[in-house]
Protein chains: 4
Amino acid sequence: MAEILRCAEEVIEEYGYDQAAVAEVAKRAGVVEGTVYHYFETKRDLYIAVAEAWYRRVLDANQPTPASGSLYDRLRAAIRSELMIICESPAVVRFILMELRPDPAFRDMQIFAMNRKLTAALTRVLKDGIARGELVDHIPLRAVRDMIFGGIEHQTWAFLRNEGDFSVDDATDAISYVIYNGLKRRPPAAVEHSPSLDERVETLERIVASSLNSKT
Amino acid sequence: MAEILRCAEEVIEEYGYDQAAVAEVAKRAGVVEGTVYHYFETKRDLYIAVAEAWYRRVLDANQPTPASGSLYDRLRAAIRSELMIICESPAVVRFILMELRPDPAFRDMQIFAMNRKLTAALTRVLKDGIARGELVDHIPLRAVRDMIFGGIEHQTWAFLRNEGDFSVDDATDAISYVIYNGLKRRPPAAVEHSPSLDERVETLERIVASSLNSKT
Amino acid sequence: MAEILRCAEEVIEEYGYDQAAVAEVAKRAGVVEGTVYHYFETKRDLYIAVAEAWYRRVLDANQPTPASGSLYDRLRAAIRSELMIICESPAVVRFILMELRPDPAFRDMQIFAMNRKLTAALTRVLKDGIARGELVDHIPLRAVRDMIFGGIEHQTWAFLRNEGDFSVDDATDAISYVIYNGLKRRPPAAVEHSPSLDERVETLERIVASSLNSKT
Amino acid sequence: MAEILRCAEEVIEEYGYDQAAVAEVAKRAGVVEGTVYHYFETKRDLYIAVAEAWYRRVLDANQPTPASGSLYDRLRAAIRSELMIICESPAVVRFILMELRPDPAFRDMQIFAMNRKLTAALTRVLKDGIARGELVDHIPLRAVRDMIFGGIEHQTWAFLRNEGDFSVDDATDAISYVIYNGLKRRPPAAVEHSPSLDERVETLERIVASSLNSKT
DNA sequence: GATGAATGAGAGTTCATTCAT
DNA sequence: TATGAATGAACTCTCATTCAT
């Protein structure tokens, strides 16, 4: 049975859930299709079990992000961790997101709790940052998580399709930088549109800087 | 034929490309499958035609983002525009991204050029911001676009699946805010220590003074 | 209509009768399928017309084998003529043989008479040879024709499939030689099994010959 | 499964490979199409299996042509053997010749070896005859085989279509006679003038005489 | 004469699932 | 506990043919 799960994971990563044929799983596991259905009622159940096993493994291996250190470092660590996980098994994650999450019963599934635990680190860091006043509180956490996940996913696809290279660290850097700075609390003027004194000085500085550059 | 295209778009939005059976399209259009194949050589070709028609419609309707105004406003307008478009037909966008883009011949397809035109606004704003020094230049544009698109997509799915509410304006606000501030150029110390107004004015005075000196 | 016939011939030669789609013919002729059916009741009728036109052309172009000269030369000329014709349009010939000939009405078709005319040369030469006593009369003409046609066809396939090279002249030589000598009348002993004096001498000759060869 | 193979053979013999629908096979075997695809990946694979089973059966049943006896008898036996085989299952043979042989991988298929074994007898007899000098060596073996096969095939078709009668023995006689005599080595003058017994004995005497001289 | 849209039957193939053993 | 044969519905695609205009 463990073998079936192992092969099923292999197959879903290669083909995606829709194209992941039970027959292929059986063949690789060296059993017949009937055997798979002996253990799992449906194809869906099989892959739920795969996802659960995967989560269990990942949760065990994943040491929690340190609660100390600068907020930026902690955020970066959390994002890096997510990225590595998704990057390793994007099809499983996608299966959960696309096939399981819409299920009305999703919130009652083990997977839901496990998924929570996995994303908890990131959520905690963000909430903590907001609580301490280091991050703004007017952006819905959900939107932030979507940008992070969505950004990771899009980059992962391209990578899986051999379009361009992909570095976990570069991706982590880019996402962490944008999210952290994007959420960092600053004098409210930062986003106002009649320039504040600060902004006016900033503009000045830029001009001077570029002016100096052009002279050399 | 227009009817077939209309129904095909309906079907792909409901089921996604993989599950969008030609039989269903035919049924809705009130014709037999053979008729669909009379007009379109393959299922893929049918949906390429759908995508092209959709793009054409969207490009016509979409008034260009204003080139003037603050960078933030322009970025926000571009993001809003993308968001509304994707939000209306996420399956078509996903079809292009997942089925067409990996095709080696993608760059020679009409769709490629159309897609370019549509995403050009956003790219232009970002490049402009970088050129003017208002945005940092060390984050790959591709990563930024992935965060925006990915973020939009993730929010869109949830909405389509009737999970929670969704407001185009709220989503636009959240994404725009994070991206703009996340990319905004600031004194390098930004993360560690931000120089006081006093310090900055002092620096300015020194520079201006020396600048004047060098002119004599 | 002439254009349709021209294209139909092209198509049948490329794909064979079964795979020769009416749509493809229409496309090449620059008309729609309906137009083809305007002129020809069925696909079969279309290709019968093709075959008839082809026969007419071939019969016109094909100057009759000379009635003079040695029997061998005349036979060779007839075979060469057949070979060249089949070789040029094997699919049309095959269509007639496989689709038309089994038809109970075949003998009433124009094609039947035309086909007769075309194979008449060969038949005439053979009959003539038999009548003059130069060829044996105990082999059914039909069997001989089958060997010639079958042999030509088999060689033609291989050629069309790019298996090995093919020379019309070599094929003509081989077939003509075997058929002529195979049918040539000789002292009845030739095919008996207790060796005749002739055969015994022949054997002797061969042995002496090979013995001489081995000495050099 | 054996039943499926049996019915498939039946169907291909009735319709030929192209028209041999899997649905028809399934119907006759009393199963659904899916069942056929449970055992055979594709229609082609199904008929390859049919061909292999058929070859196996034929090879078992076919006692080898005797290596002794006159060349004519051996050739006749080989031809008769081929004729009977093709005559029983011409569609299978045609399938191999037309669908399988052009496949670049043909030479690696089981069928290739089996086919070899079956045609080996004929080839061996011909080569042997050539080696012993009883048959001429200037006609390509391939051309000879094509005449034999092609001739058999043409006669077979006609028979299967109930055109005229057909006797295995008559066909064997005709083909064997023509091929044997057609290839039989004779004094080069054969076609123009055949030396009399007197002339030949004279020649022999001269040779023997000089041969004796050279030995002293 | 010619169009071209539409048909309908059938092809090969896939696959989750069932069930007697 | 496991087998593996069998199912049946769905899928993409093909094509000869029809018919109102």
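Not measured: the values here are computed from a predicted model.
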According to the Watson-Crick and G-U wobble definitions, with both distances under 3.5 Å, which nucleotide is paired to E:dA20? F:dT3

Please determine, for the side chain of A:Val32, which listed nucleotide (F:dT12, E:dG12, F:dG4) has the closest atom? F:dG4

Whole-Å distance, A:Lys43 NZ to E:dT14 C1', equals 11 Å

A:Leu46 atom CG is separated from E:dT17 atom C1', nearest whole Å, by 13 Å

Counting Watson-Crick and G-U wobble pairs only, both distances under 3.5 Å, name the nucleotide matched with E:dG12, or none. F:dC11

To the nearest 0.5 Å, what is the distance between CG on A:Leu118 and CD1 on A:Ile85? 4.5 Å

What integer distance in Å separates B:Arg44:CZ from F:dC13:P? 11 Å

Walking DNA chain F from its 5' end, the first of D:Val31 and C:Asp18 to be reached, judged by nearest nucleotide, is D:Val31

Within less than 4.0 Å of OP1 or OP2 of E:dA6, is there a side-chain N or O belonging to B:Tyr37? no

Using a strict cut-off of less than 4.0 Å between a Lys/Arg side-chain nitrogen and an Asp/Glu carboxylate oxygen, indicate whether B:Arg57 and B:Glu9 qualify as a salt bridge. yes

Expressed as a whole number of angstroms, how long is the span from C:Asp45:CG to F:dT18:P? 11 Å

Counting only side-chain N and O atoms of D:Thr35, is one of them less than 4.0 Å from OP1 or OP2 of F:dA5? no

Taking only N and O in the side chain of D:His38, is any of them less than 4.0 Å away from OP1 or OP2 of F:dA5? yes

Apply the test side chain to side chain contact (heavy atoms under 4.5 Å, CB included) to residues B:His154 and A:Glu153: give CA-CA distance (whole Å), side-chain angles for both, the deciding distance (0.1 Å), then the verdict. CA-CA 10 Å; B:His154 269 240; A:Glu153 257 212 317; 3.1 Å; yes

Could you tell me whether A:Glu99 and A:Lys43 make a salt bridge, using a distance below 4.0 angstrom between a side-chain N and a carboxylate O? no

Using whole Å, what does the distance between atom C1' of nucleotide F:dA5 and atom CD of D:Glu3 come to? 15 Å

Between C:Thr42 and B:Gly34, name the one whose nearest nucleotide on DNA chain F is closer to the 5' end. B:Gly34

In this structure, how many angstroms lie between the P atom of F:dT12 and the CD atom of B:Glu41, rounded? 16 Å

Rounded to the Å, how far apart are C:Lys27 NZ and E:dG4 P? 15 Å

What's the CD-P distance between B:Glu33 and F:dA16, to the nearest Å? 18 Å

SB check C:Arg28 C:Glu14 (cutoff 4.0 Å): yes

